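Source: prediction; values computed, not measured.
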Amino acid sequence: MDPTNLRKPMLQLPASHLLDGLNPEQSRAVTTISGPVLVVAGPGSGKTRVLAHRVAYLMAHEQVPPDRILAVTFTNKAAREMRDRIERLTGGGESARGLVMGTFHALGVRFLRQNPGVVADRLGILPNFLIYDDADQLDLVKRSLIEESLDQKQYAPRRMLSRISNQKAQLISPDEFAQEHVKTFDDEIVRRVYATYQRLLRKANAVDFDDLLALPLALFDAAPRLLEHYQERFLHVLVDEYQDTNRVQYILVSALSGKHRNLFVVGDPDQSIYAWRQADIRNILEFQQDFPEATVINLETNYRSTARIVDTADRVIRENRQRLERSLRTDNPEGEFVVLRELSDGHHEAQFIVAEIRRLVQSDKVTGDDIAVMYRTIAQSRLIEEAFRQSNIPYRIVGGVRFYDRKEVKDVLAVLRLLYNPADEVSLQRIVDNLPLGRGIGPKALEALRYWATLERLPVSEAFVALSTTGAQVAPELGGAGRAASTRLGAVLASLRGRVGSVALTGLFDQIVSETGYKATFAQDSEEEMQRWANVLELRSDLAKYDEVDPAQALPQYLEQVALVSDVDTMEDDSRGRVTLITLHSAKGLEFPVVFIAGVEEGLLPISRAIEAEWQNPAAIEEERRLFYVGITRAKHLLFLTYAGSRMLYGGYMPSAASRFLASLPQQHLRTVAARPTLARSPGRSLTERARNTSSSESSRPVVVVPAPPRKTFAAGDHVFHPRFGEGTVTETADRHDDQELAIDFARHGVKRLLASLANLDPLE
DNA sequence: GAAAGTGGTCTTTTT
DNA sequence: GACCACTTTC
């Protein structure tokens, strides 16, 4: 941590091996050590490798002490992997100790935690601050709406939060917003909500994700010598996924590298998929303007995917107008065809994916680990998950509801959070609403205590504690039942607080679930309840990981980890044979031998919101196209693209059209199969009909349509898969005209009699 | 104050 | 079809 610590590293390894196996451009990226460097790296071009080798090279060859290197990654997982890699390259052991590496947000916390005095004095944030996640923020916005007497129907909290976050990501304070950015009545509402939100956030001694980026800058403004200290210290600053940085991150990085100007950024403008959270593609496009002396290196050779996949990706992304002209190439073999498949609906799509996965796994060429199914929206995962469960295909889901976001987990976490930060009103509210101990404490009691606490200049939870210790003088207008219930809660909080810092977190957990009566709320007889209780116990095992940590430090460290881990971070490298289900966004940076992209449809990819905004904002569609590009380029060997003719939306089936993006797929790499005629559930028109009937929009351009395979016939004993009923065995068959009537015994639904032509059955081996 | 019921609204992606 | 805010009923 000490910047004056300029000790020479003990590494005396020959550094020559660090360039082994790198191509000339990669080598140049590793060895261009002084001045700003921009590496524009296409997918699969070895950028992770370059980053790791560069850091290792700086340490081993240039003798830069690890603690004078700062590397920013997009996820914690990437940081972990990078560290491992660097350690392996530099002789293992603890060689990478001292390297400052992590996400922007983790880095932000680090700066704040390292300077508690200045942060408290100048920014008004006490050392025990909490990090509010998305759900907490939303709670706070709702509370702000209530305080401002605004209708939640009219001013959707989600939208308000997104507008607030946009302001914060541009460093626009509530005051500045009020003075310069209020143009419409809606802006005026935003102004009010933003101001209140920010006030409540600070009152709760909490910071949100945007603050984690903005507050370090405020800190440096308040204490310029602090910035100088870090500038002096960091000889080298490296940033991964630079195309997805926002304005604040750009300023932070520029500031930190301001002294030595050794700023090394790696990114791919074609993979910029976070504009919606204020990522600013200009950061990478204008790097050379910002740093005129910059060296620019292009990595265009793809080592990941087959030639057919690379060419397909290249053709797709070429259609974007706002783009640096460049190409992606590979020396890899041609590989297999890309498969494009139309299905009648989402069930059938899931069933197709299941059938293909079975086929692949049974061929022994791949295992479940090798396969990922990607989609645009989390909602799509449900049908696929269901089909996997019914077919006993092991899977894991990345994204969606984080473990820490589950209700029952959050309930217990709320207590831990409140113990750490008594000002955390969001958690207090949660406890009052959800734990048995909160019963009997209604809005009136809470308001009375809140009022009293304000008068006494205490955090609200202290009012509860005070009730249990000093009783009568507290909140005199609080009557009978409410007073009794509040006193009970206060007593438990006081008792728990007495043990914080001296007892291990698991001990605290045990006391919480028993004394708050939480454990008793889970009914023994309900399977669902038992599952939820199992989740609570899983939280206990998670806490147990911190039992080795000094009890005084365990709670803050744990809570910080909870706030900053993403779902991808917890993804194990070894998925133990399970297929990965993942959103396209989360899949960035990953690779799989086999990739399915489901729902390549108008309305999903591109998403409907982007289509609606198309005329006003064509860039939105381009971002969707980049997302598709990211998906395609995750695949090493096999790529399957599927879309459905109709899809369930708001509880009803809606016709769905093939994505416009499919029109740019090169036909020579494609195997296309249209939907089988399915009479049962097919309100959507087939692709050919759609191409014939709709007008000249791009989306209607026909993709090659291969005739549907001949209808299969079934015999008794056949194993089949039905999109609704799952797996079953044919027990009887009877010929009806040119059709078959089948009796099928389904594992989960018993015997059904179905017509072969209508039932969407797929044979199973 | 709590539980059960009703009607209206939504679904983009995440550190 | 799921979830939430709001109501009715006890």
Side-chain angles (χ1 to χ4, degrees), chain A residues 72-79 102-109 131-135 137-138 142 145-146 151-154 156-159 161-162 165 168-169 207-213 241 244-246 248-249 272-279 374-383 398-402 405 407 432-434 436 438-446 479-482 484-485 560 562-569 582-588 599 603-613 620 623-624 626-628 630-631 647-654:
Chain A
V72 190
T73 58
F74 198 71
T75 62
N76 295 297
K77 178 172 185 261
T103 63
F104 272 105
H105 294 89
L107 194 66
V109 183
I131 300 162
Y132 270 13
D133 67 14
D134 183 66
Q137 292 182 56
L138 211 53
K142 287 176 188 166
L145 286 166
I146 293 168
D151 179 13
Q152 312 220 359
K153 292 265 156 62
Q154 214 173 340
R158 187 91 258 166
R159 202 188 102 235
L161 177 58
S162 135
S165 176
K168 297 183 79 163
V207 302
D208 62 20
F209 284 127
D210 298 306
D211 285 334
L212 290 181
L213 306 176
E241 305 283 8
D244 282 322
T245 52
N246 68 23
V248 185
Q249 291 165 333
S272 155
I273 55 175
Y274 283 98
W276 53 272
R277 71 175 204 212
Q278 302 302 298
M374 303 179 183
Y375 35 78
R376 177 64 232 267
T377 67
I378 293 165
Q380 287 169 262
S381 67
R382 249 200 52 212
L383 282 181
V398 183
V401 182
R402 274 190 333 157
D405 291 337
K407 261 197 199 83
V432 168
D433 288 344
N434 297 330
R439 293 233 176 98
I441 307 170
K444 275 173 100 174
L446 208 52
E560 188 168 307
V562 168
L564 293 181
V565 292
S566 73
D567 227 46
V568 184
D569 295 334
I582 191 167
T583 63
L584 287 163
H585 279 92
S586 296
K588 190 180 69 165
L604 280 177
L605 191 64
I607 197 86
S608 49
R609 296 276 268 261
I611 297 172
E612 284 157 28
E623 178 151 317
E624 296 293 307
R626 290 194 292 271
L627 200 49
F628 187 39
V630 166
R647 204 168 276 279
M648 176 92 90
L649 188 69
Y650 300 141
Y653 277 96
M654 299 288 287

Gap between atoms [atom1] and [atom2], on [X] and [N] respectively (whole Å):
X: A:Asp208; N: B:dT14; atom1: CG; atom2: P; answer: 18 Å
X: A:Leu161; N: B:dT12; atom1: CG; atom2: P; answer: 14 Å
X: A:Leu627; N: B:dT14; atom1: CG; atom2: P; answer: 10 Å
X: A:Ile607; N: B:dC10; atom1: CD1; atom2: P; answer: 16 Å
X: A:Arg382; N: C:dG1; atom1: CZ; atom2: C1'; answer: 8 Å
X: A:Met374; N: B:dT13; atom1: CE; atom2: P; answer: 16 Å
X: A:Asp133; N: B:dT15; atom1: CG; atom2: C1'; answer: 11 Å
X: A:Lys407; N: C:dA2; atom1: NZ; atom2: C1'; answer: 11 Å

Candidates [options] - which lies nearest the side chain of [X]:
X: A:Lys142; options: B:dT15, B:dT14, C:dA5; answer: C:dA5
X: A:Glu624; options: B:dT12, B:dT14, C:dG1; answer: B:dT12
X: A:Thr583; options: B:dA2, B:dT12, B:dT14; answer: B:dT14
X: A:Trp276; options: B:dA2, B:dT13, B:dT11; answer: B:dT13
X: A:Arg376; options: B:dT15, B:dT14, B:dT12; answer: B:dT12
X: A:Thr377; options: B:dA2, B:dT13, B:dT15; answer: B:dT13

Tell me, what's DNA chain B's dot-bracket, Watson-Crick or G-U with both distances under 3.5 Å, | for other-strand, [ ] crossing? ||||||||||.....

When the C1' atoms of B:dT13 and C:dC4 are compared, how many Å lie between them, rounded to an integer? 22 Å

Closest non-hydrogen contact found for A:Pro157 with A:Leu145 is CG-CD1, 3.9 Å

For A:Leu564 and A:Phe209, the nearest pair of non-hydrogen atoms, with its separation, is CD2-CE2, 4.0 Å

Can you tell me if the side-chain N/O atoms of A:Thr103 get under 4.0 Å from OP1 or OP2 in B:dT15? no

For B:dT12 and A:Arg609 - does any side-chain N or O of the residue sit under 4.0 Å from the phosphate oxygens OP1/OP2? yes

Would you check, one step at a time, whether the test side chain to side chain contact (heavy atoms under 4.5 Å, CB included) holds for A:Thr73 with A:Glu241? CA-CA 7 Å; A:Thr73 58; A:Glu241 305 283 8; over 6 Å; no

By nearest-heavy-atom nucleotide on DNA chain B, the more 5' of A:Leu564 and A:Gly440 is A:Gly440

Nearest heavy atom decides the nucleotide; on that basis, is A:Gly438 or A:His585 closer to the 5' end of DNA chain B? A:Gly438

Mind running salt bridge (Lys or Arg N to Asp or Glu O under 4.0 Å) on A:Arg626 and A:Glu623 for me, showing each step along the way? CA-CA 5 Å; A:Arg626 290 194 292 271; A:Glu623 178 151 317; 3.4 Å; yes

Quick check: does any side chain N or O of A:Tyr375 sit under 3.5 Å from a backbone N or O of A:Ile582, one acting as donor and the other as acceptor? yes

Is [X] touching bases, backbone alone, or none of the nucleic acid, heavy atoms closer than 4.0 Å?
X: A:Lys588; answer: nothing
X: A:Ile378; answer: sugar-phosphate
X: A:Ser586; answer: sugar-phosphate

Is the closest side-chain heavy-atom distance between A:Lys588 and A:Asp244 below 4.5 Å? yes

Validation row: A:Trp276, A:His585 side chains within 4.5 angstrom (heavy atoms): yes

Salt bridge (Lys or Arg N to Asp or Glu O under 4.0 Å) for A:Asp210 and A:Arg277? Distances and angles first, verdict last. CA-CA 10 Å; A:Asp210 298 306; A:Arg277 71 175 204 212; over 6 Å; no

Going by centres under 5.5 angstrom and planes under 30 degrees, do the aromatic ring of A:Tyr274 and the base ring of B:dT13 stack? no

